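Data block below; observations after.
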Amino acid sequence: MPTLDARLRLPLAGLSPATTSFPGSTPKPGSLSFALRPPSASLSSSASAPAAAAPPIVVVGSANADIYVEVDRLPLVGETVAARAGRSLAGGKGANQAACGGRLAAGPTYLVARVGDDANGRLLEGALADAGGVRLDRVARAPGAPSGHAVVMLMPGGQNSIIIVGGANMEGWASGVGSDDLDLIRRAGVLLLQREIPDWVNVQVAQAAKGAGVPVILDAGGMDAPVPGELLSLVDIFSPNETELARLTGMPTETFEQISRAAGACHKMDNCNMRNCIKGVKEVLVKLGSQGSALFIEGGEPIRQPIIPATEVVDTTGAGDTFTSAFAVALVEGKPKEECMRFAAAAASLCVQVKGAIPSMPDRKSVMDLLESVQVE
């Protein structure tokens with residue numbers, strides 16, 4: 001079996017080649033003329049909001065039209081099953097995280113993304129505008145590429161299986177990231193990335209953030225492929241779930257001890273026998289589903305956060321994105337890591353009680369009310 005560093009540094013097949021030289025000033029495709037909705041007054045004026053405005057959260061990532069089908073079970077090979085219901089909703093890890101940030105953050109949240117000039121693009125337009133608090137002037141239309149979409153198979157109990165089709169998320173970055181977007185990233189409080197856009201784009205924007213001292217959080221969700229070492233070397237917090245952690249390290253993650261060892265392998269990527277080894281990521285934030293979450297900081301004891309139980313689990317589709325984004329919101333506000341994780345756990349608990357990714361994102365007051373009620377208990 002290849003070493004951890006060898007697996008994580010392999011490039012994605014079929015994507016634009018990674019390079020250390022990127023165009024920084026090429027004009028981007030035409031921006032979408034979204035009707036922007038200002039942040040909710042209940043968030044900006046609530047006593048639960050922080051007193052000082054935080055710097056912007058910038059999300060660079062995907063926007064998908066999610067085709068939901070509710071099934072009792074997944075079909076076997078060659079089998080057809082009937083769905084109980086179906087509908088189309090806005091989603092995509094980037095859009096999910098931006099929508100969550102828009103509802104929770106005191107400062108602005110920007111989404112830098114690519115969509116197609118099609119019906120799915122208009123679906124995304126309306127849903128993100130309705131989410132409130134998300135700045136969409138950095139979303140651009142990709143000529144000749146359809147909007148990305150996904151098929152979400154939702155099963156009883158809220159569990160799901162998802163297949164994504166990249167579309168504009170993968171094909172819409174031919175001109176790279178524009179200089180205006182890179183300048184925005186350099187002024188951000190945090191940069192949120194995922195793996196539903198080309199890794200070379202993530203590298204480009206992470207380099208801009210790193211050079212300006214902006215923390216970079218990489219959610220491991222998305223492509224079922226190794227993470228390039230060049231990208232991981234620019235990441236401050238790497239956030240997989242236990243399944244993604246197992247796949248990327250080749251190590252078991254069935255127990256907390258095994259998860260700890262796998263996270264430790266991410267810290268110690270520089271202790272390998274490969275040429276051009278790079279330093280590992282210092283912080284690994286692992287989402288553990290019903291077991292909560294854990295933050296592994298190199299050289300320190302892990303910080304564990306149990307789940308805050310939901311009244312009813314309806315749909316877990318956006319829970320991971322909600323957790324990551326809520327964690328980032330609290331981090332930008334200067335909260336201790338333990339408090340960041342607790343805030344994120346409350347947001348995720350509310351998320352799983354509503355169907356759909358973006359529709360399930362909670363507002364700040366709801367999260368604060370839940371935290372207060374749990375503290376009273």
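Heads up: numbering here begins at 1 and tracks the sequence. Treat the numbers as computed from the prediction; the structure is a model and nothing was measured.
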If I compare all heavy atoms of [X] with all of [Y], which pair ends up nearest, and what's the gap?
| X | Y | result |
| --- | --- | --- |
| V134 | G102 | CG2-CA, 4.1 Å |
| G116 | A168 | N-CB, 3.8 Å |
| L104 | P362 | CD2-O, 3.6 Å |

Is there a side-chain contact between V58 and V190 in this structure, where contact means two heavy atoms from C-beta onward sitting under 4.5 Å apart? no
Evaluate the side-chain proximity of L111 to R135: yes if any heavy-atom separation is below 4.5 Å, no if none is. no
If hydrophobic clusters are built from ILVMFWY residues whose side chains come within less than 4.5 Å, do I162 and L74 share one? no
Would you say I358 ends up clustered with I164 if hydrophobic residues are merged whenever their side chains have heavy atoms under 4.5 Å apart, either directly or through other cluster members? no
Would the number of heavy atoms belonging to other residues, nucleotides or ligands and lying under 6.0 Å from CD of E70 be above 12?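 Correct, the count exceeds 12.
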Are there more than 12 heavy atoms of other residues, nucleotides or ligands under 6.0 Å from atom CZ of R186?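 Correct, the count exceeds 12.
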Keeping the roles fixed (side chain from [X], backbone from [Y]), state whether a donor-acceptor pair exists under 3.5 Å.
| X | Y | value |
| --- | --- | --- |
| D236 | V216 | yes |
| S325 | D321 | no |
| Q258 | T255 | yes |
| R114 | V139 | no |
| Q353 | S349 | yes |
| N169 | A63 | yes |

Candidates V60, D137, I185, V59 - the one meeting side-chain contact (heavy atoms from CB on, under 4.5 Å) with Y110: D137
Got a list of side-chain donor-acceptor pairs under 3.5 Å for residues 306-315, not counting sequence neighbours?
residue	atom	partner	partner atom	Å
D315	OD1	T317	N	2.9
D315	OD1	T317	OG1	2.5
D315	OD2	Y68	OH	3.2
D315	OD2	T317	OG1	3.4
D315	OD2	G356	N	2.9

Only counting residues at least two apart or in another chain, list the ones meeting salt bridge (Lys or Arg N to Asp or Glu O under 4.0 Å) with D219.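 Scan of D219 (salt bridge (Lys or Arg N to Asp or Glu O under 4.0 Å), adjacent residues dropped) gives K93, K287.
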Which value, rounded to the nearest 0.5 Å, describes the distance between T324 atom OG1 and I237 atom CD1?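 It comes to 10.0 Å.
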Test item: side-chain donor near acceptor, E196 and S62, under 3.5 Å: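 Looking only at side-chain atoms, S62 and E196 do form a donor-acceptor pair, the distance falling under 3.5 Å.
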Give a yes or no on whether a salt bridge exists between R73 and E79, defined as a side-chain N under 4.0 angstrom from a carboxylate O. yes
Assess whether a salt bridge exists between R195 and D199, defined as any Lys/Arg side-chain N lying under 4.0 Å from an Asp/Glu carboxylate O. yes
Cation-aromatic face contact R261/F256, 6.0 Å, 45 degrees: no
Kindly list each side-chain donor-acceptor pair under 3.5 angstrom involving residues 336-344, sequence neighbours excluded, with atom names and distances?
residue	atom	partner	partner atom	Å
K337	NZ	E283	OE1	2.9
K337	NZ	E283	OE2	3.1

Quick one: which of D117, D118, N64, N120 gives a side chain to side chain donor-acceptor pair (under 3.5 Å) with S147?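 Only one option passes, and that is D118.
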